[in-house]
Amino acid sequence: MSIDFQSLKVSGIKINYYFICKRKLWLFSKGITMENGNDRVLEGSVVHEESYRRENTKELLIDNLIRVDIINKDFVKEVKISSKMKEADKMQLLYYLYYLKQLGIDREGTINYVKEKKIENISLTHDSELLIEDTLKNIKKLLEEKYPPKVEKFPYCKKCSYFEYCYIREE
Ligand code: SF4
């Protein structure tokens, strides 16, 4: 490990947001929330996932920081409604595998995409460990910035809870 993990570790949702939108991560981390949020893709699916999890899985909160859906002697399993945010989902699970490794726990990962009835296998490799470490360093740098990153136009902006905040203020 080439980083000071204890000082850099963050929650899984921050890793997820980093790969969805850095501005969103910055706003979320500063506690800026939108009362009439419209995060249909992200928060909406989180709500569904939460209810799915309550019914079907046992969550485990580790270090009061990361929340894994299922962990057994071989796997960490994450449940997602759809694969719309595949890259962010994958990085979040890789981060969990990395985090557990720091605690001396080695596991493989799977993501269960409920809608598509698809399971993706995820393994922590040397390269993905380096990517996680770079991501943690970049998140620290990003959150030290006084102002959020500029608005980037993503296809899912309209469904993001910060849509009005981003577009009404900056366009
Ligand atoms: S509206 Fe778009 S640019 Fe603004 S935080 Fe959401 S995803 Fe990022």
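Whatever order the structure lists ligands and atoms in, that order sets their numbers, starting from 1.
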*Would a line drawn from the ring center of F28 to the ring center of Y162 be shorter than 6.0 Å?*
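Centroid separation for F28 and Y162: 6.0 Å or greater.
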
*Using a 4.0 Å heavy-atom cut-off, say whether C160 meets ligand 1 through its side chain, its backbone, both or neither.*
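Contact part for C160 vs ligand 1: side chain (C-beta onward).
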
*Under 4.0 Å, heavy atoms only, figure out whether ligand 1 is touched by the backbone of E152, its side chain, both or neither.*
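Just the backbone.
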
*For atom 2 (Fe) of ligand 1, find the nearest protein heavy atom and state the residue, atom name and distance (0.1 Å precision).*
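I find the closest protein heavy atom is C157 SG, 2.3 Å.
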
*Return yes when at least one N/O/S atom of C166 is nearer than 2.8 Å to atom 6 (Fe) of ligand 1, and no when none is.*
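No, outside the cut-off.
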
_Ring-face cation contact, Y156 with K158, 6.0 Å cut, 45° max_ =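 No.
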
*Could K30 and W26 be counted as a cation-pi pair, given that NZ or CZ must be under 6.0 Å from the ring centre and within 45° of the axis?*
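Judged by the rule, K30 and W26 form a cation-pi pair.
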
*asked:* Give the atom numbers and elements of ligand 1 that come within less than 4.0 Å of a heavy atom of K24.
replied: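 With K24 as reference, the close atoms of ligand 1 come out as 5 (S).
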
*Just which atoms of ligand 1 are under 4.0 Å from any heavy atom in F163?*
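Every atom of ligand 1 under 4.0 Å from some heavy atom of F163: 1 (S).
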
*Is there a donor-acceptor pair closer than 3.5 Å between any side-chain N or O of R23 and the backbone N or O of P149?*
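Yes: the side chain of R23 pairs with the backbone of P149.
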
_Main-chain N/O of K14 paired to Y95 side chain as donor or acceptor, under 3.5 Å_ =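 Not confirmed, Y95 side chain does not pair with K14 backbone.
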
*Ignoring hydrogens, just give me the one of P155, P148, P149, C21 whose non-hydrogen atom is nearest atom 7 (S) of ligand 1.*
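Of the listed residues, C21 has the closest heavy atom.
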
_Cluster link F5 to L103, ILVMFWY, side chain under 4.5 Å_ =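 In one cluster with F5: L103, yes.
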
